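Whatever order the structure lists them in is the order used to number ligands and atoms, beginning at 1. All values reported here derive from a predicted model rather than from experimental measurement.
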Amino acid sequence: MKKICVMGLGYIGLPTASILATKGYMVHGVDVAQKVVDIINSGGIHIVEPDLDILVKAAVGSGKLKAALKPAEADVFFICVPTPFKEGYRPDMRFVEEATEAIVPYVKKGNLVILESTSPVGSCDDIIAPILKKTGLVIGEEVFIAHAPERVLPGHILKETIENDRIIGGINDRSSQICADLYRTFVKGNIYLTNARTAELAKLVENSYRDVNIAFANELANICDELDIDVWELIALANRHPRVKILSPGPGVGGHCLAVDPWFIVDSVPQKARLIRTAREINEARPHVIFEKVKELAKKFKKPVIGCLGVSYKPDIDDIRESPALEIVRMLMKEKVGEVLVHDPYLAGHALEFKGTELDELLSRSDILVLLVNHTPYYAIDKKLLNEKALVDTRGIFRK
Ligand code: SAJ
């Protein structure tokens, strides 16, 4: 298995494609955006991820990684496309369907098709397999299908792609085995085999587990606001118990994973997934809670200037997908709560409807300072400056 075709060159597909290329595979990467294809073929990257630029440059430079708009014949096909939700929090599998349809003319006897995208239970059996039947090949005997859910943390993708343990669930044992053999050539972590449905649910469960635990922290923040107690002190103290490990509250839960995946479980078993749904509701309500707090504070000023720090969904990355920080900024602007100034170290990379303000200017002009993302540079802000301002610190970094 020497030739690999990777469908989707985003946060998962591009790192995977370039790691495989540096392992000696011939990798044909596919993306629907011409701009993305051009950037990669020139040795550049279109996303921010530590060290990815070096790896892509090396992979493209060696001639082992090429990007294109159309798939090509290969031994293995990776599907690494987005799986968002659509109206009513229903999984939107359009991109997986389109990517699978696109490879049909290229799939040959003996090929392996791997779904890496986080997907609802049944996706391999009910979406991928029926589409691949159009090849005329016998599914599970002449063409193999497996789910190998990605588990990497944005900001640590390269390290985690190689070092994390992996779950591999084939539509039959043969598919699992063939897929595992491939992953063993570039993954250092342990590989655990199961069936496709269990692998699909395992990925959703990992992110739901984290979402539920963050919801607990966010609920504590809401409770502490009512009781006038410092939630950060409370959590630090409770975490001194040997079996308690409460996560951090924040302005909400963003990103393309935690804010989306739990809904895939709720969608397939709505009557049973009660805690998972409630956690989502608590986390989705958090941006509104923060917005109301700022609105209340703004009433104290004639012409309030509100300085918002951070728009990405978590610190030190450029990703704004499902970002609660951005949602809060937009609510403040839409409701005209005051003059809204925004700073984010990664703002320049995004085409947003507003412009950023230099950090110094924002700090000197703001009446109300809203810390939304704990980007590293914000820890160095002079605390004396904060004394003169109304403060909404959603990440607890400015506590005395
Ligand atoms: N957050 C909090 N409080 C915390 C931790 C996180 O409010 O204590 C917020 C973050 O600010 C962010 C959101 O949660 O808005 C999600 O951030 P994250 O760092 O928890 O996770 P992601 O979305 O960047 O990556 C997750 C990871 N899943 C788990 O840790 C179980 C990653 O391993 C997955 O590969 C990734 O989802 C994915 O692609 O599914």
Side-chain angles (χ1 to χ4, degrees), residues 8 10-16 47-50 80-85 91 115-120 147-167 189 199-222 231-232 235-236 239 245-265 276 279-280 282-287 289-290 309-328 344 371-375 378 393-397:
Y11 286 93
I12 303 301
L14 184 55
T16 306
I47 48 178
V48 175
E49 178 62 33
C80 305
V81 294
T83 46
F85 56 63
L115 176 65
E116 278 232 4
S117 313
T118 306
S119 301
H147 184 44
E150 60 81 12
R151 307 166 114 178
V152 290
L153 197 68
H156 303 261
I157 292 182
L158 296 183
K159 184 172 173 280
E160 292 209 351
T161 300
I162 292 165
E163 290 181 6
N164 284 2
D165 290 350
R166 297 297 291 249
I167 297 173
E200 286 156 353
L201 186 58
K203 168 61 200 247
L204 300 178
V205 162
E206 289 163 16
N207 281 350
S208 301
Y209 168 85
R210 193 156 168 83
D211 196 47
V212 167
N213 281 281
I214 298 169
F216 182 71
N218 279 334
E219 182 159 292
L220 292 180
N222 296 340
V231 68
W232 306 98
I235 290 175
N239 280 349
K245 183 81 193 77
I246 304 169
L247 294 176
S248 308
V253 169
H256 190 59
C257 312
L258 270 57
V260 178
D261 303 350
W263 287 118
F264 292 3
I265 302 182
I276 294 172
R280 263 302 60 236
I282 291 168
N283 289 336
E284 283 199 350
R286 274 299 281 176
V289 172
I290 305 300
L309 295 175
V311 293
S312 60
Y313 87 86
K314 66 175 190 177
D316 301 327
I317 60 169
D318 73 322
D319 198 335
I320 53 171
R321 292 177 296 174
E322 316 295 332
S323 168
L326 187 56
E327 192 183 341
I328 292 164
D344 187 292
L371 187 285
L372 294 169
V373 187
N374 43 333
H375 287 305
Y378 298 156
D393 178 3
T394 69
R395 304 279 183 172
I397 76 167

Between [X] (side chain) and [Y] (backbone), is there a donor-acceptor pair under 3.5 Å?
{"X": "Asn374", "Y": "Ile397", "value": "no"}
{"X": "Glu49", "Y": "His156", "value": "yes"}
{"X": "Asn239", "Y": "Ile246", "value": "yes"}
{"X": "Asp319", "Y": "Ser312", "value": "no"}
{"X": "Arg166", "Y": "Ala148", "value": "yes"}
{"X": "Ser323", "Y": "Val311", "value": "yes"}
{"X": "Lys203", "Y": "Glu150", "value": "yes"}

Task: Reported CG-to-NE2 distance for the pair Asp344 and His375, which is rounded to 0.5 angstrom - done: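 Reported value, rounded in 0.5 Å steps: 3.5 Å.
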Got the closest protein heavy atom to [atom], with its distance?
{"atom": "atom 5 (C) of ligand 1", "result": "Arg210 NH2, 3.4 Å"}
{"atom": "atom 31 (C) of ligand 1", "result": "Asn207 OD1, 3.3 Å"}
{"atom": "atom 1 (N) of ligand 1", "result": "Ile214 CD1, 3.4 Å"}
{"atom": "atom 19 (O) of ligand 1", "result": "Lys314 NZ, 2.9 Å"}
{"atom": "atom 33 (O) of ligand 1", "result": "Arg151 O, 2.8 Å"}
{"atom": "atom 3 (N) of ligand 1", "result": "Ser248 O, 2.7 Å"}
{"atom": "atom 37 (O) of ligand 1", "result": "Cys257 CB, 3.1 Å"}

Open item on the list: If I compare all heavy atoms of Pro149 with all of Ile167, which pair ends up nearest, and what's the gap?
Closed with: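 For Pro149 versus Ile167, the nearest heavy atoms are CD-O, 3.3 Å.
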Task: Heavy-atom nearest option to atom 40 (O) of ligand 1, drawn from His256, Lys203, His156 - done: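 Nearest heavy atom to atom 40 (O) of ligand 1 lies in Lys203.
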Task: The one among Gly250, Pro251, Gly254 that brings a heavy atom closest to atom 16 (C) of ligand 1 - done: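 Of the listed residues, Gly254 has the closest heavy atom.
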Under 3.5 Å between any N/O of [X] and any N/O of ligand 1: does that happen in this structure?
{"X": "Glu150", "value": "yes"}
{"X": "Gly255", "value": "no"}
{"X": "Arg395", "value": "yes"}
{"X": "Pro154", "value": "no"}
{"X": "Tyr313", "value": "yes"}

Task: Step-by-step salt bridge (charged side-chain N to carboxylate O under 4.0 Å, His left out) determination, Arg286 to Glu327 - done: CA-CA 10 Å; Arg286 274 299 281 176; Glu327 192 183 341; over 6 Å; no
Per-atom contacts of ligand 1 with [X], taking only distances under 4.0 Å to non-hydrogen atoms:
{"X": "Val152", "value": "32 (C), 33 (O), 34 (C), 35 (O), 36 (C)"}
{"X": "Leu258", "value": "16 (C), 20 (O), 23 (O), 26 (C), 37 (O)"}
{"X": "Val253", "value": "13 (C), 14 (O), 15 (O)"}
{"X": "Glu206", "value": "31 (C)"}
{"X": "Leu153", "value": "19 (O), 21 (O), 24 (O), 25 (O), 27 (C), 32 (C)"}

Open item on the list: Would you say that more than 12 heavy atoms from the other residues, nucleotides or ligands in this model lie under 6.0 Å from the CZ of Phe85, or not?
Closed with: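 It does: Phe85 CZ has more than 12 such atoms within range.
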- [ ] State, without any angle test, whether His256 and Thr118 hold a side-chain donor-acceptor pair at a distance under 3.5 Å.
- [x]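 Side chains of His256 and Thr118: no pair found under 3.5 Å.
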